[in-house]
Amino acid sequence: MPVAKISPSMLSCDFANLACEAKRMSKNGADWLHLDVMDGHFVPNLTMGAPIISAIRPHTEAYFDCHMMVSNPSQWVNDIAKAGGQMYTFHIEATQDPIGLIKQIHEAGMQAGVAIKPGTPIEAVVGEVAELCDMILVMTVEPGFGGQRFMAQCMPKVEALRRMYPKLDIEVDGGLSLETIDASADAGANVIVAGTGIFKAEKPDEVIAVFKEKVNKAQQTKFAA
Ligand code: DX5
Ligand code: ZN
């Protein structure tokens with residue numbers, strides 16, 4: 001049964017203090033750190049790339065969950081692997097050869113995640129892609145910016161994927177907070193990304209603990225085989 005993994009999105013942290021912010025999240029109970037790489041082309045925003053990820057790497061032992069919002073995902077696989085990335089999640093909309101890309105990511109020593117935007121149906125990943133990848137990310141906002149409103153209409157996609165792939169890590173990203181965690185947990189998501197919802201909270205440790213508890217409870221009661 002998939003267990004809860006909470007992945008604070010560093011997009012909402014204090015960028016002038018990346019190392020401290022990474023450590024702060026681990027102390028607050030985060031399992032993973034979500035690193036949003038944007039190229040200004042696949043999405044209308046620029047953030048960080050391999051040099052920044054590699055600069056944070058020595059300061060934390062957290063698992064690096066890299067969300068690649070880039071037009072040419074195969075271009076950055078080796079750089080992100082060298083920088084210390086561990087999950088390399090590419091967008092299905094950005095590649096013609098997802099199977100080749102998953103193999104390339106695995107050969108580089110990383111796990112492979114596949115993301116779908118709110119308008120992309122699950123059929124884009126069901127089958128060989130879902131069977132070969134290590135995680136599916138169902139976006140719950142249009143990728144590009146933090147602080148957007150959670151799109152509950154994406155939940156049927158999460159639930160359908162969870163029923164099809166009971167053991168797979170299924171991640172949700174965008175607008176996750178104490179108000180929206182129930183919908184995500186009940187649909188079967190087990191990897192929870194939150195930027196604003198965690199970094200801007202008064203007590204991030206409590207938010208992370210609630211996320212974990214709700215996800216694990218839903219997995220045990222609703223989805224246990
Ligand atoms: C948006 C990014 C998210 C973002 C989420 O494109 O993929 O990871 O940081 O931010 P919140 O949790 O504030 O919606
Ligand atoms: Zn993200």
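Every value quoted in this text rests on a predicted model; they were computed, and no experiment measured them. Atoms within a ligand are numbered from 1 in the order they appear, just like the ligands themselves.
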Contact atoms of ligand 1, heavy-atom distance to [X] under 4.0 Å:
X: Gly174; answer: 14 (O)
X: Gly144; answer: 1 (C), 6 (O)
X: His67; answer: 7 (O)
X: Ala194; answer: 12 (O)
X: Phe145; answer: 1 (C), 6 (O)
X: Met69; answer: 6 (O), 7 (O)
X: His34; answer: 8 (O)
X: Gly146; answer: 10 (O), 13 (O)

salt_bridge([X], [Y]) N-O dist < 4.0 Å:
X: Glu179; Y: Arg149; result: no
X: Asp31; Y: Lys212; result: yes
X: Glu159; Y: Arg163; result: yes
X: Asp186; Y: Lys222; result: no

Tell me which N, O or S atom from [X] is the closest to the Zn ion (ligand 2).
X: Asp36; result: OD1
X: His34; result: NE2
X: His67; result: ND1
X: Asp173; result: OD2

Output yes when the distance from some N or O of ligand 1 to some N or O of [X] is under 3.5 Å, and no in every other case.
X: Gly147; answer: yes
X: Leu11; answer: no
X: Thr196; answer: yes

Are Met10 and ligand 1 in contact, using a heavy-atom cut-off of under 4.0 Å?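 No, Met10 has no heavy atoms under 4.0 Å from ligand 1.
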For [atom], the protein heavy atom that lies nearest, with its residue and separation:
atom: atom 14 (O) of ligand 1; result: Gly175 N, 2.8 Å
atom: atom 3 (C) of ligand 1; result: Asp173 OD1, 2.9 Å
atom: atom 12 (O) of ligand 1; result: Gly195 N, 2.7 Å
atom: atom 2 (C) of ligand 1; result: Asp36 OD1, 3.4 Å

Main chain of [Y], side chain of [X]: is a donor-acceptor contact present, judged purely on distance under 3.5 Å?
X: Lys157; Y: Thr120; answer: yes
X: Asn17; Y: Cys20; answer: no
X: Arg24; Y: Lys27; answer: no
X: Asn216; Y: Ala4; answer: yes

With a 6.0 Å cut-off (strictly less than), is the heavy-atom count around CD of Glu131, excluding the residue itself, greater than 12?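 Atom CD in Glu131 is crowded, with more than 12 foreign heavy atoms closer than 6.0 Å.
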Is there a side-chain contact between Gln153 and Pro118 (heavy atoms, below 4.5 Å)?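 Contact flag for Gln153/Pro118 side chains = no.
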Are Asp65 and Val193 close enough that some pair of their side-chain heavy atoms sits under 4.5 Å apart?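 Yes - at least one pair of side-chain heavy atoms lies under 4.5 Å apart.
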In terms of side-chain heavy atoms, does Asn72 have a donor or acceptor partner in His41 at a distance below 3.5 Å?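 Asn72 vs His41: no donor-acceptor pair found between side chains.
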Cation-aromatic face contact Lys117/Phe42, 6.0 Å, 45 degrees: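 Satisfied, under 6.0 Å and within 45°.
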Just go through Gly197, Pro143, Ser9 and tell me whose heavy atom is the nearest to atom 9 (O) of ligand 1.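 Closest candidate by heavy-atom distance is Ser9.
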